[in-house]
Amino acid sequence: MGRVLGKDFFVRRPDLVAKELLGKVLVRKIADDVLKGMIVETEAYYGPEDPASRARRGKLPHNRFMWEEPGTIFIYMVHGNWLLNVITEPKGVPSAVLIRAVKPLQGIQRMLRNRKVSDVRNVANGPGKLSKAFMITKDLNGLKVYDPEGPVTIVDEGFSGFKVGRNYRIGVKEDLDVPLRFYIVDEIEYVSKPPVRKASKLD
DNA sequence: AGGAAGATCTACT
DNA sequence: GTAGATCTTCCTA
């Protein structure tokens with residue numbers, strides 16, 4: 001039923017990991033229930049040199065997980081939403097990938113109930129929505145996604161061959177000069193909608 | 001204490 | 001499609 005991604009997968013630059021996480025399956029175990037969704041949108045974040053990074057102001061109590069080993073779960077709150085990140089690069093090098101959207105595959109009824117919506121395309125198409133649908137909160141901070149027994153894992157179920165879109169990160173005040181947001185073009189229905197952008201040729 | 005923050009929802013034009 | 005309120009935590013003063 002697919003292989004749980006190991007620690008090695010995450011010991012690389014966040015942009016590479018972000019791109020390769022597309023098509024992998026996010027698995028959330030709750031008691032005797034399992035929720036699954038294919039990752040369709042991600043963003044990469046670096047360390048202090050990245051103005052949009054949580055590590056921007058150096059190591060602090062709440063962002064210390066950024067310096068943890070690759071494959072560590074890092075969750076924080078923005079505007080009342082929990083956002084799920086996975087740490088990349090070797091321990092001590094702060095960087096992470098934000099998982100922004102998944103296409104629900106299993107446990108869909110439960111997700112819809114968690115989110116109080118009826119459209120499956122609107123249940124996990126955004127980082128805050130995804131966390132709510134998958135019941136992900138701060139409690140999971142510091143756990144390892146490569147632990148097959150853990151409540152959150154990422155599995156390779158063989159999805160591949162899709163077209164990858166790329167552009168600038170959403171919602172950040174100040175971005176880098178490189179596009180660090182990745183998404184699956186064929187699954188655009190399940191990808192978050194970028195806020196209205198001003199005249200720009202990018203897309 | 002005050003406000004910002006990697007967002008979302010609702011109620012409008 | 002757009003504007004505004006509101007979600008919760010942590011940083012900064």
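Below, read A as the first sequence line, B as the second, and so on, with proteins coming before strands; counting in each chain starts at 1.
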Restricting to nitrogen or oxygen on both sides, can you table the protein-nucleotides 11-13 of chain C pairs closer than 3.5 Å?
residue, atom, partner, partner atom, Å
C/dC11, OP1, A/H62, ND1, 2.5
C/dT12, OP1, A/R57, NE, 3.4

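- Contact check, A/K193 against B/dA7: no side-chain N or O comes under 4.0 Å of OP1 or OP2.
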Between A/K129 and A/N125, does a side-chain hydrogen bond (donor to acceptor under 3.5 Å, both in side chains) hold up when you go through it step by step? CA-CA 7 Å; A/K129 299 178 182 179; A/N125 61 332; 3.1 Å; yes
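- For A/M77, the side-chain atoms get nearest to C/dT8 when compared with the rest of B/dA4, C/dT8, B/dA7.
- Look at CD on A/E174: it is 11 Å from P on B/dA5, rounded to the nearest Å.
- A salt bridge links A/E41 and A/R100; the closest N-O separation between the charged side-chain nitrogens and carboxylate oxygens is under 4.0 Å.
- Atom CZ of A/F74 is separated from atom C1' of C/dC10 by 11 Å (rounded to the nearest Å).
- With a 4.5 Å cut-off between side-chain heavy atoms of Ile, Leu, Val, Met, Phe, Trp and Tyr, the cluster of A/Y146 takes in none.
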Listed pairs under 3.5 Å, donor-acceptor, residues 135-143 of chain A side chains, sequence neighbours left out:
residue, atom, partner, partner atom, Å
A/T137, OG1, A/D139, N, 3.4
A/N141, OD1, A/I75, N, 2.8
A/N141, ND2, A/I75, O, 2.9

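- Within 6.0 Å of atom NZ in A/K144, more than 12 heavy atoms from other residues, nucleotides or ligands are found, so the atom counts as buried in its surroundings.
- Where A/H79 and A/K138 each meet DNA chain C at their nearest nucleotide, the meeting point lying more 5' is that of A/H79.
- For B/dT8, the OP1/OP2 oxygens have no side-chain nitrogen or oxygen of A/K116 closer than 4.0 Å.
- Using a 4.0 Å heavy-atom distance criterion, A/R56 is classed as making no nucleic acid contact.
- Distance from the side chain of A/R115 is smallest for B/dC9 among the nucleotides C/dT9, B/dC9, B/dA7.
- The closest donor-acceptor contact from the side chain of A/R56 to the backbone of A/S53 lies at 3.5 Å or more, if one exists at all.
- Going from atom NZ of A/K132 over to atom C1' of C/dT6 covers 12 Å, rounded to whole Å.
- Comment: A/K103 does not engage A/D186 in a salt bridge, judged by the lack of any side-chain N to carboxylate O separation of less than 4.0 angstrom.
- Considering A/K36, A/R3, A/K24 in turn, A/K36 is the only one that fulfils the salt bridge (charged side-chain N to carboxylate O under 4.0 Å, His left out) rule with A/E157.
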Counting Watson-Crick and G-U wobble pairs with both distances under 3.5 Å, what is the dot-bracket string for DNA chain C, 5' to 3', using [ ] for crossing pairs and | for pairs to another strand? ||||||.|||||.
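- The main-chain N or O of A/G126 is never found under 3.5 Å from a side-chain atom of A/S192 such that the two would form a donor-acceptor pair.
- Under a 4.5 Å side-chain heavy-atom cut-off, the cluster of Ile, Leu, Val, Met, Phe, Trp and Tyr residues that includes A/L83 is completed by A/Y45, A/F65, A/M66, A/W67, A/F74, A/Y76, A/V78, A/I87, A/L98, A/V172.
- Looking at residues 80-108 of chain A, you'll see A/G80, A/W82 sit with a heavy atom under 4.0 Å from some atom of DNA chain C.
- The nearest heavy atom of DNA chain B to A/N122 and to A/A52 marks one nucleotide each, and the one closer to the 5' end goes with A/A52.
- Taking the ring centre of A/F9 as origin, the terminal cationic atom of A/R12 falls inside the region bounded by 6.0 Å and 45° from the ring axis.
- The side chain of A/V78 has B/dA5 as its nearest neighbour among B/dT8, B/dA5, C/dC10.
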